[in-house]
Asker: 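Got a structure for you, questions after.
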Amino acid sequence: MLNTKGNMMAIYGVGAYYDRDVSNKFITENIIGVGWDSNSAPELQEYFKSLKVGDIIYIKSAFGRRDITVKGIGIIKDTIIRTSLDTNSLVSTGRNVVWLSKRKFVIQRPQEKNNVRSNTVYEEFHPLVQRAIISEISKTN
């Protein structure tokens, strides 16, 4: 699938727990990002900067061996990099999002070898999870 720039788009899972769940704040503010600063997590800063316009992101909760709770699905809206200065410190590095689904639902955890679900952000490669995300988006159109 191609994004708006004609590049292959990707699907990313993003956590939204910074000592408290900020999922609703992300949805209300039309943003996704990382709360840790560049001294604590420089790799996450660069990860969010690398997201492309049209990439799909979903807010997830999937700690440990639990199923994947999806709290929202959106697409990266533009090339603007948001910072703590213009987000009231909600994120240190973030991106603008257009939310396609704000419905909370659960995807049964697939059988998999290498679990990335505990990471703050990751590219989603599991075909069952990809299909569930695309299916949810299809319901909203």
Side-chain angles (χ1 to χ4, degrees), residues 1-138 140-141:
M1 191 181 285
L2 299 177
N3 66 13
T4 59
K5 297 284 186 186
N7 300 320
M8 289 300 290
M9 50 101 344
I11 300 173
Y12 296 91
V14 179
Y17 192 85
Y18 307 149
D19 296 326
R20 69 188 194 295
D21 185 356
V22 295
S23 301
N24 289 333
K25 195 80 169 145
F26 279 177
I27 291 170
T28 303
E29 301 291 326
N30 296 310
I31 194 168
I32 198 79
V34 61
W36 293 294
D37 65 26
S38 59
N39 292 324
S40 302
E43 72 284 9
L44 293 177
Q45 311 299 311
E46 296 307 313
Y47 206 114
F48 279 95
K49 289 175 187 176
S50 76
L51 298 177
K52 294 172 183 53
V53 174
D55 282 343
I56 297 171
I57 55 91
Y58 68 94
I59 301 174
K60 55 84 182 178
S61 175
F63 187 74
R65 300 226 176 256
R66 295 186 202 144
D67 289 339
I68 304 162
T69 300
V70 176
K71 300 176 180 181
I73 302 171
I75 60 169
I76 301 299
K77 176 182 175 181
D78 54 37
T79 58
I80 296 169
I81 305 298
R82 305 289 303 275
T83 69
S84 58
L85 297 175
D86 67 356
T87 65
N88 288 327
S89 297
L90 176 59
V91 297
S92 60
T93 299
R95 301 298 295 277
N96 292 317
V97 173
V98 174
W99 295 104
L100 304 174
S101 173
K102 299 175 186 175
R103 188 177 81 85
K104 186 175 178 179
F105 66 98
V106 175
I107 301 171
Q108 185 177 4
R109 184 184 187 91
Q111 284 194 306
E112 53 193 349
K113 277 284 193 209
N114 298 311
N115 177 15
V116 296
R117 312 251 176 252
S118 296
N119 292 345
T120 297
V121 61
Y122 54 85
E123 186 170 354
E124 183 58 70
F125 289 107
H126 201 288
L128 295 176
V129 178
Q130 289 176 335
R131 280 195 291 271
I133 297 299
I134 298 299
S135 175
E136 179 65 19
I137 293 170
S138 298
T140 62
N141 294 326

Asker: What is the minimum heavy-atom distance between Arg95 and Thr79, and which atoms define it?
Answerer: NH2-CA, 3.6 Å
Asker: When rounded to the nearest 0.5 angstrom, what distance separates OG in Ser38 from CG in Leu44?
Answerer: 11.0 Å
Asker: Would you give the length of the straight line joining atom CD1 of Ile59 to atom NZ of Lys102, rounded to the nearest 0.5 angstrom?
Answerer: 10.5 Å
Asker: Rounded to the nearest 0.5 Å, what's the gap from CD1 on Ile32 to CG on Leu51? Could you check?
Answerer: 9.0 Å
Asker: Does CG in Asn24 sit with more than 12 non-hydrogen atoms of other residues, nucleotides or ligands closer than 6.0 Å?
Answerer: no
Asker: State the NZ-OG distance between Lys104 and Ser61, to the nearest 0.5 angstrom.
Answerer: 7.5 Å
Asker: Are any non-hydrogen side-chain atoms of Val121 and Ile57 less than 4.5 angstrom apart?
Answerer: no
Asker: Would you say that Ser101 contacts Ile133 through its side chain, given a criterion of any heavy-atom pair below 4.5 Å between the two side chains?
Answerer: no
Asker: Is the shortest heavy-atom distance from the side chain of Asn96 to the side chain of Arg82 under 4.5 Å?
Answerer: yes
Asker: If we only count heavy atoms from C-beta on, is the Val91 to Val34 side-chain gap below 4.5 Å?
Answerer: no
Asker: Measuring from Gln45:CD to Ile81:CD1, what's the distance to the nearest 0.5 Å?
Answerer: 10.5 Å
Asker: Any side-chain heavy-atom pair from Ile56 and Ile134 closer than 4.5 angstrom?
Answerer: yes
Asker: How close do Trp36 and Ala41 get, counting heavy atoms only, and between which atoms?
Answerer: CB-CB, 3.8 Å
Asker: Under 3.5 Å, is there a donor-acceptor pair between the Tyr58 and Glu124 side chains?
Answerer: yes
Asker: Just one of Thr87, Asp86, Val22, Val97 clears the side-chain contact (heavy atoms from CB on, under 4.5 Å) bar with Ile31, so which one?
Answerer: Thr87
Asker: Considering only heavy atoms from C-beta outward, does the side chain of Val70 approach that of Lys60 to under 4.5 Å?
Answerer: no
Asker: So do the side chains of Leu128 and Arg131 get within less than 4.5 Å of each other, counting heavy atoms only?
Answerer: yes
Asker: Out of curiosity, Glu29 CD to Asn88 CG, how far, rounded to the nearest 0.5 Å?
Answerer: 7.5 Å
Asker: What are the two closest non-hydrogen atoms of Tyr18 and Gly15, and how far apart are they?
Answerer: OH-O, 4.1 Å
Asker: Considering all heavy atoms of both residues, which atom of Lys71 and which atom of Ser23 are nearest to each other, and what is their separation?
Answerer: CD-OG, 3.1 Å
Asker: Tell me the closest heavy-atom pair linking Gly72 and Ile27, and the distance in Å.
Answerer: CA-CD1, 4.4 Å
Asker: Might you point out which heavy atoms bring Gln130 and Phe125 nearest each other, and give the distance in Å?
Answerer: NE2-CA, 3.7 Å
Asker: For a 4.5 angstrom cut-off between non-hydrogen side-chain atoms, does Tyr47 reach Thr120?
Answerer: no
